[in-house]
Amino acid sequence: MTIRLYDTSARQIRDFTPLVPGCVSIYLCGATVQAAPHIGHIRSGLNFDIMRRWFTHRGYDVTFVRNVTDIDDKIIAKSAEQGRPWWAIGYENERAFNDGYSALGCLPPTYEPRATGHVTEMVEMMRGLIERGHAYEADGNVYFDVRSYPDYLALSNQDLDNLLQPSGEGETGKRDPRDFAMWKAAKPGEPSWETPWGRGRPGWHLECSAMAHKYLGSAFDIHGGGLDLVFPHHENEIAQAKAYGDEFARYWAHNAWVTMSGEKMSKSLGNSVLVSEMVKNWRPIVLRYYLGTPHYRSMIEYSEEALREAESAFARIEGFVQRVVEKAGGVVEPAADVPPAFAEAMDDDFGVPQALAVVHTTVRQGNSALAADDKEAAVARLAEVRAMLGVLGLDPLDPHWAGETDRGEDLHGVVDSLVRLVLDQRESARGRKDWATADAIRDQLQQSGLVIEDSPTGPRWTLGPR
């Protein structure tokens, strides 16, 4: 058993060898909380949730750190625009992110540090870098000297001579325009903290280097984040941490984006789809299926049609689960392990699409067993399906999804009572062999968006595809 993953820094798939046998340490760049999350934000959390679950399934003790960037230029700009305290905006959106992660079934991180709670660690790192000749103070700002670190830009494979370093307002006194800010001098009306170099606030890149060091030590296994973070964020993190003396991350994993019309989903582009709105119209477990089942390094082009296809695909799985539970007369526990083909796919750079193909094949085998009235085989297939779905966070029988209804929990009981009345009329027609009336009732229900299925325990209804 060897898990292999694509390492951005090596530009190839590598065998995973943990720093500490039996343990995996992961740092994921989490939310910058200037606004509520769209589905592109949540995709990253989902991808690394599945990665974490697979490591756990393989027997590793996983430490998973996902930070919160609760101070940066965008949050300060929102504060000025809305006339609200920066910390109120950050806290409100941090809660919105956590609600989104939870709604889509992401396990809570081991630690979830906020940047503003780790200024002491940032000051300590800056002091060490200045002492080692890798950083300098100018006009109350502290900058990293990129020419002092020979391996700068190795992750993004850029040429330093052609580099255009993003630079913020007030970043004065740089020795080289390519140097980046670790600390920004205070401006009137903006939040600030006291340091040996005057009052100011942290730069984005410094925050993660300091928090990763505090919670995972000088070396850890995997650093994750979205593909857009490779430069400048992750490149600058590496420079700070390694110049400070840390080994830092041994593997780099990056998930691809959710796009609309070929462009990265982004608030600034006005093409984002908020999670809070999506869960009003789509079941959260369907959204998880849609966002979590493509390969983490593949782009997802958002469309309602693709969501409907995901809904239909998951409905086939869910219908099989429900039918076997009815056949078995009770809950079927997950198998102790997943099928070898599923494990092989997940071990190969977390190949969820190939693993999902094994799920659907097993569902088809289980449906064939049901058709042949082979209860034992059907139950065995369901046990395997539940084990696989558990790894993907998609087991409809998991307590997290308990009580979730097809669309609208409050109305489900009312609709069910009304449909039952109509189904009773259909059963009466069938009992007196009035097949024309029975078929007419079924057809009318289907035109209303319901799927009627006759089961050993009586007729059952579900909502059909949109």
Side-chain angles (χ1 to χ4, degrees), residues 46 49-50 53-54 57 103-107 282-293 307-339 341-343 345-346 352-409 412 415-416 419 450-466:
L46 265 175
D49 180 66
I50 292 171
R53 286 170 182 264
W54 183 245
H57 180 84
L104 269 63
C106 293
L107 301 172
W282 300 89
R283 296 172 58 202
I285 198 169
V286 169
L287 287 175
R288 183 179 177 100
Y289 185 96
Y290 171 67
L291 293 171
T293 53
L307 257 168
R308 284 192 292 271
E309 290 174 358
E311 183 180 50
S312 296
F314 186 71
R316 290 193 292 271
I317 297 173
E318 197 169 31
F320 165 71
V321 172
Q322 188 175 14
R323 285 190 293 273
V324 179
V325 168
E326 289 179 356
K327 183 79 169 177
V331 175
V332 175
E333 294 300 322
D337 205 354
V338 297
F342 181 94
M346 293 298 292
V352 174
Q354 294 78 15
L356 192 64
V358 179
V359 174
H360 282 287
T361 296
T362 308
V363 166
R364 286 194 293 272
Q365 293 169 348
N367 281 328
S368 296
L370 284 172
D373 202 26
D374 187 344
K375 176 181 173 182
E376 184 178 346
V379 166
R381 298 296 79 75
L382 175 56
E384 293 171 347
V385 166
R386 287 202 65 195
M388 293 185 283
L389 293 178
V391 167
L392 302 176
L394 288 168
D395 181 1
L397 300 181
D398 185 279
H400 177 81
W401 306 113
E404 187 196 64
T405 59
D406 284 338
R407 287 172 216 147
E409 191 167 330
H412 186 271
V415 174
D416 184 64
V419 174
L450 301 178
V451 175
I452 307 303
E453 183 180 359
D454 294 310
S455 73
T457 58
R460 176 175 59 233
W461 69 272
T462 57
L463 285 176
R466 293 164 193 268

K.L.:
Determine the minimum heavy-atom distance between Ala378 and Val324, stating which atoms define it.
P.N.:
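In this case the closest contact between Ala378 and Val324 is O-CG1, 3.8 Å.
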K.L.:
May I ask you to decide if Asp395's main-chain N or O and Arg386's side chain share a donor-acceptor pair within less than 3.5 Å?
P.N.:
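No: the side chain of Arg386 does not pair with the backbone of Asp395.
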K.L.:
State the CZ-CG distance between Arg283 and Leu104, to the nearest 0.5 angstrom.
P.N.:
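Going from CZ on Arg283 over to CG on Leu104, the span is 12.0 Å.
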K.L.:
Which atoms form the tightest heavy-atom contact between Ile50 and Gly292, and what is the distance?
P.N.:
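Heavy atoms of Ile50 and Gly292 come nearest at CD1-O, 3.4 Å.
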K.L.:
Quick one: list whatever passes side chain to side chain donor-acceptor pair (under 3.5 Å) with Glu384, sequence neighbours left out.
P.N.:
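Partners of Glu384 by the side chain to side chain donor-acceptor pair (under 3.5 Å) criterion, ordered by chain and then number, come out as Arg381.
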K.L.:
Where is the tightest heavy-atom contact between Ala369 and Ala377, given as atom of each residue plus distance?
P.N.:
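Smallest interatomic distance, heavy atoms only, reads CB-CB, 3.8 Å.
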K.L.:
Tell me the salt bridge (Lys or Arg N to Asp or Glu O under 4.0 Å) pairs involving residues 359-380, sequence neighbours left out?
P.N.:
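Residue pairs with at least one partner in residues 359-380: Lys327-Asp373.
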K.L.:
Looking only at heavy atoms, what is the nearest atom pair of Ala103 and Pro284, with distance?
P.N.:
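It is O-CB, 3.2 Å.
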K.L.:
Considering residues at least two apart in sequence or located in another chain, which fulfil the side chain to side chain donor-acceptor pair (under 3.5 Å) criterion with Arg323?
P.N.:
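Listed in chain order: Asn367, Glu453.
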K.L.:
So how far is it from Leu307 CG to Leu287 CG, rounded to the nearest 0.5 Å?
P.N.:
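These two atoms lie 6.0 Å from each other.
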K.L.:
So which heavy atom on Asp49 is nearest to which on Gly105, and how close?
P.N.:
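Looking at all heavy atoms of both residues, the closest pair is OD2-O, 3.8 Å.
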K.L.:
Minimum heavy-atom separation for Gly390 and Arg53, please, with both atom names.
P.N.:
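Smallest heavy-atom distance, with atoms named: O-NH1, 3.3 Å.
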K.L.:
Can a salt bridge be assigned to the pair Arg316 and Glu311 using a cut-off of 4.0 Å between side-chain N and carboxylate O?
P.N.:
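Salt bridge: no.
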K.L.:
What pairs with Tyr289 under side chain to side chain donor-acceptor pair (under 3.5 Å), at least two apart in sequence or on another chain?
P.N.:
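Once residues adjacent in sequence are excluded, the partners of Tyr289 under the side chain to side chain donor-acceptor pair (under 3.5 Å) criterion are His360.
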K.L.:
Working to the nearest 0.5 angstrom, can you tell me the gap between Gln365 CD and Thr362 OG1?
P.N.:
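So the CD of Gln365 and the OG1 of Thr362 are separated by 5.5 Å.
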K.L.:
Kindly indicate whether the side chain of Cys106, heavy atoms from C-beta on, has any atom under 4.5 Å from the side chain of Leu46.
P.N.:
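Side chain of Cys106 against side chain of Leu46, heavy atoms only: contact under 4.5 Å found.
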K.L.:
Suppose we screen for ring-ring contact (aromatic ring centres under 6.0 Å, His included). Which residues come up paired with Phe320, at least two apart in sequence or across chains?
P.N.:
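Phe320: no ring-ring contact (aromatic ring centres under 6.0 Å, His included) contacts found.
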K.L.:
Atom CD1 of Ile317 and atom CG of Leu394: how far apart are they, to the nearest 0.5 Å?
P.N.:
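One finds 7.5 Å between CD1 of Ile317 and CG of Leu394.
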K.L.:
Roughly how far, to the nearest 0.5 Å, is CG of Leu370 from CG of Leu382?
P.N.:
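Result: 9.0 Å between the selected atoms.
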K.L.:
With sequence neighbours left out, what residues match Ala315 under side chain to side chain contact (heavy atoms under 4.5 Å, CB included)?
P.N.:
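Partners of Ala315 under the side chain to side chain contact (heavy atoms under 4.5 Å, CB included) test: none.
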K.L.:
Only counting residues at least two apart or in another chain, list the ones meeting side chain to side chain contact (heavy atoms under 4.5 Å, CB included) with Gln322.
P.N.:
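For Gln322, the residues satisfying side chain to side chain contact (heavy atoms under 4.5 Å, CB included) (neighbours in sequence not counted) are Glu326, Arg460.
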K.L.:
Given side-chain contact (heavy atoms from CB on, under 4.5 Å), test Trp401 with Arg288 step by step and report yes or no.
P.N.:
CA-CA 12 Å; Trp401 306 113; Arg288 183 179 177 100; 4.0 Å; yes
K.L.:
Looking at residues at least two apart in the chain, or sitting in another chain, which of them share a ring-ring contact (aromatic ring centres under 6.0 Å, His included) with His57?
P.N.:
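Partners of His57 by the ring-ring contact (aromatic ring centres under 6.0 Å, His included) criterion, ordered by chain and then number, come out as Trp54.
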K.L.:
Does any non-hydrogen side-chain atom of Met346 lie less than 4.5 Å from one of Val391?
P.N.:
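Contact flag for Val391/Met346 side chains = yes.
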K.L.:
Are Val321 and Val363 close enough, and set up right, to give a side-chain contact (heavy atoms from CB on, under 4.5 Å), and what steps lead you there?
P.N.:
CA-CA 9 Å; Val321 172; Val363 166; over 6 Å; no
K.L.:
Counting C-beta onward and ignoring hydrogens, is there a side-chain heavy-atom pair between Leu356 and Phe342 closer than 4.5 Å?
P.N.:
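Not in contact.
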